[in-house]
Amino acid sequence: MDPRRALSFGAAAEAYAAARPTYPVDALRFVLPPGARRVLDLGAGTGKLTSVLLDLGLEVVAVEPDDAMRTLIDPRAEVLEGTAEDVPVEDGSVDAVVVGQAWHWFDEQAALASVRRVVRPGGTLGLLWNVLDDSDGWPLDLADHIGMEDRLSLVNDTEEQPTDATSGRWQRQLFRHAQHADADLVVSNLASRSIVIVMPDAERTVHLDKVRSVVPDGEFDIPWVTDAWVTTL
Ligand SMILES: C[S@@+](CC[C@H](N)C(=O)[O-])C[C@H]1O[C@@H](n2cnc3c(N)ncnc32)[C@H](O)[C@@H]1O
């Protein structure tokens with residue numbers, strides 16, 4: 001994977017905040033330990049996951065390396081500059097670490113060492129990814145058209161755990177949800193993806209124009225599935 005992509009998101013921070021889907025509350029409940037109070041959102045981006053955690057009444061520490069992304073995080077959280085490999089949080093001070101759409105960008109071994117250090121014994125690590133339900137219709141056309149990686153058909157059949165850096169047992173659940181949208185929002189969603197951000201300008205324009213030719217006219221729902229994994233530490 002192109003290493004420039006991991007830290008490319010800030011160039012499209014506004015599009016990211018406006019057009020990426022949120023996460024269902026039930027998926028968060030699934031990855032949190034009973035009685036959780038203080039949670040770390042690692043690679044928090046613009047705070048999509050942070051806001052859901054705050055709305056659940058939790059105390060949230062949001063760690064994000066990119067300045068443009070970090071400034072958009074809900075100020076009710078404790079927002080810190082940092083990385084998964086170097087987390088500016090005290091030992092054993094959180095009940096859970098949650099990671100939305102970001103674990104694959106981390107150095108796995110170093111990130112896991114950070115997680116083990118900051119989570120109290122019996123706490124959890126929860127990993128979540130929103131993937132497009134590409135079962136049929138325009139989502140299937142869109143996913144094919146743009147060579148989408150985060151699509152349900154690619155994750156549905158795998159029971160492979162999300163990281164082999166831990167010997168812990170993982171549990172997994174899928175959570176369906178929908179995002180109200182129009183063609184402009186789908187284009188913004190695509191424009192906030194690292195693979196598109198790092199494209200040369202001309203290629204990006206062609207790519208995004210193609211998207212408009214596939215999605216429906218007017219308003220519609222985007223069918224998302226949150227692929228959620230949890231392990232107890
Ligand atoms: C696809 S975004 C996900 C943002 C957010 N968690 C969400 O669910 O919307 C990936 C985020 O991971 C951040 N990131 C990349 N490498 C990282 C690292 N090594 N440590 C922490 N965050 C990292 C990027 O800056 C970006 O904000």
Side-chain angles (χ1 to χ4, degrees), residues 1-25 27-28 30-32 39-56 58 60-74 77-89 94 96-118 125-132 148-151 155 162-163 165 175 177 179 185 188-198 222 224-230:
M1 192 174 281
D2 182 344
R4 290 175 306 157
R5 286 176 55 187
L7 294 176
S8 68
F9 293 97
E14 297 286 349
Y16 195 106
R20 290 294 193 107
T22 181
Y23 297 87
V25 170
L28 271 304
F30 172 67
V31 301
L32 294 173
V39 176
L40 168 63
D41 181 0
L42 197 50
T46 61
K48 295 265 165 199
L49 203 47
T50 299
S51 295
V52 183
L53 294 164
L54 288 165
D55 290 344
L56 280 171
L58 294 158
V60 185
V61 185
V63 169
E64 164 59 41
D66 186 286
D67 294 346
M69 300 291 269
R70 202 174 55 250
T71 53
L72 298 177
I73 297 174
D74 190 322
E78 183 185 352
V79 181
L80 301 173
E81 179 176 4
T83 65
E85 298 79 13
D86 188 8
V87 179
V89 171
V94 297
V97 172
V98 295
V99 183
Q101 219 84 9
W103 182 263
H104 54 284
W105 297 120
F106 303 164
D107 173 327
E108 251 185 30
Q109 295 292 347
L112 203 68
S114 302
V115 169
R116 286 200 194 321
R117 181 180 67 74
V118 301
L125 169 63
L127 308 181
L128 303 101
W129 284 271
N130 278 323
V131 298
L132 185 69
M148 203 166 185
E149 295 162 353
D150 45 347
R151 55 199 289 183
V155 301
T163 167
F175 298 85
H177 58 120
Q179 181 185 24
L185 187 132
S188 293
N189 179 303
L190 272 295
S192 74
R193 286 161 182 265
S194 59
I195 196 164
V196 177
I197 294 169
V198 302
I222 306 177
W224 293 110
V225 174
T226 298
D227 187 14
W229 295 79
V230 64

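Every number for a ligand or one of its atoms is a count from 1 in the order of the listing. These numbers come from a predicted model, not from an experiment.
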Only pairs under 3.5 Å count here: list side-chain donor-acceptor contacts from residues 41-49, not counting sequence neighbours, and write none if there are none.
residue	atom	partner	partner atom	Å
Asp41	OD2	Thr50	N	3.1
Asp41	OD2	Thr50	OG1	2.7
Lys48	NZ	Ala17	O	2.7
Lys48	NZ	Arg20	O	2.8

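- The side-chain hydrogen bond (donor to acceptor under 3.5 Å, both in side chains) contacts involving residues 8-19 comprise nothing, where partners must be two or more places apart or lie in separate chains.
- Contact record, Asp150 with Gln101: OD2-NE2, 4.0 Å, taken as the closest heavy-atom pair.
- The nearest pair of heavy atoms linking Ala13 to Leu72 is O-CD1, 3.7 Å.
- Residues that satisfy the side chain to side chain contact (heavy atoms under 4.5 Å, CB included) test with Val79, not counting sequence neighbours, are Arg70, Ile73, Ala77.
- With Val115 as the partner, the side-chain contact (heavy atoms from CB on, under 4.5 Å) test is satisfied by one option alone out of Val87, Val99, Val97: Val97.
- The residues lining ligand 1, counting any heavy atom closer than 4.0 Å, are Ala6, Leu7, Phe9, Tyr16, Tyr23, Gly43, Ala44, Gly45, Lys48, Glu64, Pro65, Asp66, Met69, Thr83, Ala84, Glu85, Gly100, Gln101, Ala102, Trp105, Phe106.
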